[in-house]
Structures are given as C-alpha cells and as structure tokens.
Amino acid sequence: MTILLVEDDRAIAEALIDGLRTNGYSVSQVVSGAEAVAKVRLGGITTVILDLGLPDMDGTEVCRNIRAFSHVPIIVASARETEMDRVDVLELGADDYLVKPFGIKELVARIHAVMRRATGSGAPVTQLTAGSLVMDTKARSVLLGGAVIQLTPKEFELLAYLTREPGTVFRRAEILRDVWETTWFGTTKTLDAHVASIRKKLGDGAWIESVRGVGFTLRVVA
Ligand code: CA
C-alpha cells in the first residue's frame, strides 16, 4: 500500500511526504523517470504521483512507459497548466491532473478518487504483486507464476508484510512487532523457521533475502 512520489524538487517532495504520511500513507520517493518505471515494475505501488519536469525524461514519457505494462493509478502533479498539457497527459493514460501549487487535502481527495476507481468499489486494494508473485489479502491466496502456493496463516501474513514493500529491509524487531504482535525476542527463531518454510514453498530462497544483523527483504526473482 505504498504511494510512489516521483518528484525531483526536494522542498516539494518533503512537504508532500510529510502530508501523505500524516494522512496514513506509506510513501516512497524517487527523483527520476527511470527510477519511477523500475519501482512500479517491482510492484507494491498503489498510486503514482508524477511530476512532469524530471531530470532524465519528461513525465509524459514516464506515463507512457508505465502504461505499457501497468494500470496503476497515476496522478500528474505539475506547474504546467495549459489546457494542452492536461489533455496530453490524460491521453497518455494518467488518471488525474493537479496543478502546482496544491494543498495536501486536495491531493488526498484525488488519491481516494483514483484508488476507488481502480478497485471499482472504494474497498482497499487487496492484491499485492511483486514480479510473478501475486497475493490476495482478502481471499488469502498466493500465486507464483500462476501456480497456487499453500501457506499457513502466519506464513501468509509474513509474506504479505514483506510483499507490500519489495526491496525494503524490515528489521527483525519490526516484523515481530507487526506480524507476531510481540516484542519478545525469543520468537526470533520462530521468524527464521517461517522464512525457511516460505522459501521452500516458493521453490527459490532468493525471494526472501536475509540482511545480516538487520532483518529481511523481499526480492523479485525473475
Ligand atoms: Ca521537477
């Protein structure tokens, strides 16, 4: 459930990240078009907020690239306000357009609107995707390359937790707190046992990477 902010202006980015986090969103920021496309490809992004003036390519190009493989909602946020720009980006597949400067409340309202349209009901997004791994948190199903993977309830919660933010390294203490709802570190062996079992079921240990002395991260296995 992460919002991807594509913005190279540090002051604007900081203000938006602050505002979005205050409103309960998890936010990931990148400063270039290439990084934006790569991040969406990795999965786990629920909405993209896209600046048009980026250092490596125009935002319209980013929009076109993302649309070649993803339906993720895209909200263009730009200082360009001519009617022509607006029509251009909407035609390229963006879902909405906000003219800078705008307030956080307006942005949050637009995010709600595009996510509601994307899920068709206003219900929170229940599908998590990372490469060939697809998890449905409502149906509690896991597909890997189209094949059904059977996980225990705790294994499912742990894998879903990591799949929400592929590439993010979660500390052991964080995982125990959020997935096992405990701060008792004696359970860290339980965590290792669950990771080992999930790796075995996915058929490739590379999906869950151990970061020595820190914790675990989900890696998309090609
Ligand atoms: Ca810019």
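When a ligand or atom number is given, it counts from 1 through the structure's own listing order.
- Nearest heavy-atom pair, Val76 versus Ala94, reported as atom, atom and distance to 0.1 Å: CG2-CB, 3.8 Å.
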Where do Glu7 and Ile49 land on the side chain to side chain contact (heavy atoms under 4.5 Å, CB included) test, with the steps shown first?
-> CA-CA 8 Å; Glu7 175 62 75; Ile49 299 164; over 6 Å; no

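- The distance from the Ca ion (ligand 1) to the nearest N/O/S atom of Asp51 is under 3.0 Å.
- With a cut-off of 3.0 Å, the Ca ion (ligand 1) has an N, O or S atom of Asp8 in range.
- When all heavy atoms of His194 and Leu158 are compared, the closest pair comes out as CB-CD2, 3.8 Å.
- Looking at Val214, Val211, Leu191 one by one, the single match for side chain to side chain contact (heavy atoms under 4.5 Å, CB included) with Arg172 turns out to be Leu191.
- Contact annotation: Gly53 places an N, O or S atom under 3.0 Å from the Ca ion (ligand 1).
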